[in-house]
Every structure is written in structure tokens, then in C-alpha cells.
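In the text below, chain A, chain B and the rest are named by the order of the sequence lines, each starting its count at 1. For the numbers below, each heavy atom of this structure counts, side chains included, while hydrogens, waters and symmetry mates do not.
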2 protein chains.
Amino acid sequence: MAQVFLAAELSPTVQRRVLYRELRDRSDHPDAEALFAAVKQRLPDVSLATVYRNLRLFVEAGMATELKVEGSSSRWDGNTHRHHHLLCSACGDVSDFFSEELDQLGDSLELDRGFEVQGMDVRVTGLCGDCRTP
Amino acid sequence: MAQVFLAAELSPTVQRRVLYRELRDRSDHPDAEALFAAVKQRLPDVSLATVYRNLRLFVEAGMATELKVEGSSSRWDGNTHRHHHLLCSACGDVSDFFSEELDQLGDSLELDRGFEVQGMDVRVTGLCGDCRTP
DNA sequence: TTTTGTGCAAATCCTTTGCATGGGT
DNA sequence: ACCCATGCAAAGGATTTGCACAAAA
């Protein structure tokens with residue numbers, strides 16, 4: 001993990017390390033409050049402001065992504081590999097999915113207006129396994 | 001336009017008709033403030049609350065879509081045809097694009113966990129024509 | 001006259017910021 | 001000592017809500 005902070009030119013404070021580890025190790029795209037609660041278990045005095053401040057820094061450094069979805073506050077994503085999202089319209093759950101074909105198609109998209117592609121996020125909405133058959 | 005309101009079971013008040021028309025006739029995915037300003041030209045006494053209230057109703061009725069993008073307030077989209085979005089990371093511009101292949105691929109996506117697909121929004125980020133070569 | 005929609009203002013939620021303190025080098 | 005990150009509390013922006021009045025049925 002040390003290299004990550006080194007590369008990002010961010011000093012690896014305890015708060016940052018605990019926050020980053022939490023974000024990286026879970027795949028449920030938590031919001032700031034959830035991360036705050038998790039970090040607080042280890043660092044009872046941490047503040048919500050610190051969580052927000054550092055999430056912003058992580059995003060700037062490419063260590064994380066902000067995911068704004070309707071119906072909730074921003075979700076945060078520590079997965080830096082190319083991937084896309086499944087959004088459950090019933091429970092609000094967000095999960096990752098990967099698709100070779102989609103990525104290839106994305107790379108070769110013919111876009112008019114000379115748009116220069118930097119990235120792509122596919123959001124598939126629907127019902128997750130749990131919500132489909134209760 | 002009357003049928004749209006009929007189908008949505010929304011009474012076609014002046015405010016709603018002006019707002020809907022504005023939203024439907026522009027493709028720049030305006031935010032609530034921009035729509036408010038536009039509607040105000042015709043209805044000087046309209047309130048921002050009415051704009052927000054009705055946008056929500058439009059979305060519930062499937063007449064519009066909310067588009068939460070980072071770095072700005074919610075954008076609203078009156079295009080009800082299947083389409084995707086180009087987001088310019090420089091100027092914040094949002095535009096539509098269409099792709100047969102993408103839609104077909106989306107329809108046939110093999111998703112594990114028994115996810116039942118309802119819709120798909122592809123967000124391509126990058127530089128729009130204007131920002132690419134200034 | 002009953003219902004429904006509106007304008008206004010206040011409230012709420014999420015996120016950011018200013019500032020004094022504390023920790024690390 | 002210096003600098004940067006933190007905690008706290010206050011500020012800020014976007015959106016929603018309560019309420020009294022107006023419009024429509």
C-alpha cells in the first residue's frame with residue numbers, strides 16, 4: 001500500500017491508510033457515511049470532514065472514483081481496474097461487472113464530433129439477484 | 001403533447017407544459033436552474049420549487065431522466081429514446097449519442113448473479129470537439 | 001366546494017471550508 | 001520550529017417540504 005501513497009504524493013497518515021484500505025477491500029461502493037463509520041471503528045476520533053477531504057484527494061490521485069447515482073449520496077469506488085456497474089433499482093445496491101466485448105466495443109466506438117474518449121462507465125440498471133426473487 | 005400528460009396522469013398546467021416543452025426541445029441536458037430561467041421567460045412568477053417538483057414527477061412518469069454527474073448539480077434529460085451520453089471533462093458539456101452495436105450488446109449481456117436488466121446508460125467521458133482543439 | 005398545484009420561505013441533506021490544534025519530520 | 005493533516009463547527013449549495021393561497025374541476 002505504501003507505494004500507492006508514494007505514487008500519489010500523499011503522506012500516508014493513519015486516517016488515510018485506514019480509509020483507503022477500507023475502500024479498497026470492499027466492493028459495495030459505500031457512501032461517505034458508511035466509510036466514516038467503518039474508519040471510526042479503528043479511529044474513534046476521526047471526523048467526517050477528513051473522510052470527505054481524503055476521498056477527494058484519492059479521486060484526484062486516481063486511487064478511487066466517485067459514483068453519483070440518483071436516490072443516494074455519492075458512492076465511492078476503490079476499484080481501479082476497468083469495470084462497469086450494475087445498479088439495483090429496488091435496493092440501491094451497486095456492484096461491479098466486467099465485459100471484454102463491452103470494453104472492446106468502447107475502444108472502437110465511432111463517435112462523431114471528434115470526441116476524444118478518455119474513459120467509459122456503463123451503468124446497467126435493473127433488479128439484482130436478491131431483489132428479483134425475494 | 002397533450003397525450004403525454006394524459007398518459008402520465010398529470011394535469012397539464014401551464015407551468016408543466018412550458019417546463020416539459022423546454023426540456024424536450026433542448027439537448028443540452030440543463031440543470032434545474034437553467035430550466036427555471038428558461039421557464040421564467042414565459043412565466044415570470046414561476047418558482048424553482050415548482051420546477052423541481054415537476055421534474056421529479058416527470059421522471060416518475062418516465063417523461064424525463066435525471067442525470068447525476070460529478071462536478072455539477074443534476075442534469076435533466078427529456079430524451080426518452082434509448083441513448084447514451086458523452087461527458088466532456090473539460091467544459092462539463094453533456095451530449096447524446098446512439099449506438100446500435102452497444103444496444104445490441106447490452107441486450108445480450110451475460111450477467112451473473114441473475115441480474116434482470118431494465119436499462120442501460122453508457123457514459124463516455126473525454127474531450128468534446130470544442131475542447132479538444134481550442 | 002372540493003381538490004390539486006403553486007409560490008414562498010424554511011428546512012434538510014450532503015459536502016466543503018476556515019481555523020486553531022496536534023503530529024510528524 | 002515548520003509544515004501539513006486533522007477535528008470541529010460553521011458555511012454552502014442543491015433539493016425538498018410545509019403551508020396558505022390560487023386555479024381548476
Side-chain angles (χ1 to χ4, degrees), chain A residues 2 4-6 8-23 29-61 63-77 92 94, chain B residues 2 4-6 8-23 29-61 63-77 92 94:
Chain A
V4 177
F5 283 101
L6 201 61
E9 294 184 342
L10 289 175
S11 39
T13 65
V14 205
Q15 291 88 340
R16 284 179 186 162
R17 280 185 284 115
V18 173
L19 174 63
Y20 175 67
R21 164 165 238 177
E22 184 68 23
L23 184 60
H29 311 77
D31 62 15
E33 285 287 350
L35 288 166
F36 175 55
V39 173
K40 207 162 190 173
Q41 306 243 101
R42 294 181 177 228
L43 307 173
D45 291 333
V46 76
S47 79
L48 185 55
T50 293
V51 168
Y52 273 109
R53 245 183 315 238
N54 288 318
L55 286 172
R56 269 282 140 255
L57 293 174
F58 291 177
V59 169
E60 281 169 24
M63 298 160 60
T65 306
E66 183 180 3
L67 206 58
K68 283 193 155 190
V69 300
E70 31 166 332
S72 76
S73 41
S74 279
R75 318 276 300 241
W76 304 84
D77 189 342
V94 179
Chain B
V4 178
F5 283 101
L6 201 61
E9 294 185 340
L10 288 177
S11 42
T13 65
V14 207
Q15 291 88 339
R16 286 179 186 161
R17 278 185 285 115
V18 174
L19 175 62
Y20 175 66
R21 163 166 239 176
E22 183 68 23
L23 184 58
H29 311 77
D31 61 16
E33 285 287 351
L35 288 165
F36 175 55
V39 173
K40 207 163 191 173
Q41 305 243 101
R42 293 182 178 228
L43 307 172
D45 291 333
V46 75
S47 79
L48 185 55
T50 293
V51 169
Y52 273 110
R53 245 182 319 236
N54 288 319
L55 286 172
R56 269 276 105 69
L57 292 174
F58 291 176
V59 170
E60 282 169 24
M63 298 161 60
T65 307
E66 183 182 2
L67 206 57
K68 283 192 155 192
V69 299
E70 31 166 332
S72 75
S73 40
S74 279
R75 318 278 298 243
W76 303 83
D77 188 343
V94 179

DNA chain C: 5'-most and 3'-most nucleotides touching chain B, 4.0 angstrom heavy-atom criterion:
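The contact span of chain B on DNA chain C goes from dG5(C) to dA9(C).
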DNA chain D: 5'-most and 3'-most nucleotides touching chain B, 4.0 angstrom heavy-atom criterion:
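The footprint of chain B covers dA14(D) to dG18(D).
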Would you find a donor on one side and an acceptor on the other, under 3.5 Å apart, between the side chain of Arg17(B) and the backbone of Pro12(B)?
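Here the side-chain-to-backbone pair exists.
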Donor-acceptor under 3.5 Å (Asn54(A) side chain, Leu57(A) main chain):
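No; zero donor-acceptor contacts below 3.5 Å.
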Residue pair [X] / [Y]: nearest heavy atoms and the distance that separates them:
| X | Y | value |
| --- | --- | --- |
| Lys68(B) | Ser72(A) | NZ-O, 3.3 Å |
| Arg75(B) | Gly92(B) | NH1-O, 3.1 Å |
| Leu23(A) | Asp77(A) | CD1-N, 4.1 Å |
| Val51(B) | Ala32(B) | CG1-O, 3.9 Å |

Base, sugar-phosphate or nothing for Arg56(A)? Non-hydrogen atoms, less than 4.0 Å.
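Answer is sugar-phosphate: Arg56(A) comes under 4.0 Å of backbone atoms only.
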Would you jot down, in residue-number order, the residues of residues 12-21 of chain B having a non-hydrogen atom under 4.0 Å from DNA chain D?
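The answer is none.
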Pairs satisfying side chain to side chain donor-acceptor pair (under 3.5 Å), at least one member in residues 38-48 of chain B, at least two apart:
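As it turns out, the side chain to side chain donor-acceptor pair (under 3.5 Å) pairs with a partner in residues 38-48 of chain B, which skip direct neighbours, are Ser47(B)-Thr50(B).
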Sequence neighbours left out, what passes salt bridge (Lys or Arg N to Asp or Glu O under 4.0 Å) with Arg56(A)? Give chain and number order.
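By the salt bridge (Lys or Arg N to Asp or Glu O under 4.0 Å) rule, Arg56(A) matches Glu66(A).
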Any residue of residues 31-46 of chain B with a heavy atom less than 4.0 Å from an atom of DNA chain C
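Under 4.0 Å from DNA chain C: Asp45(B), Val46(B).
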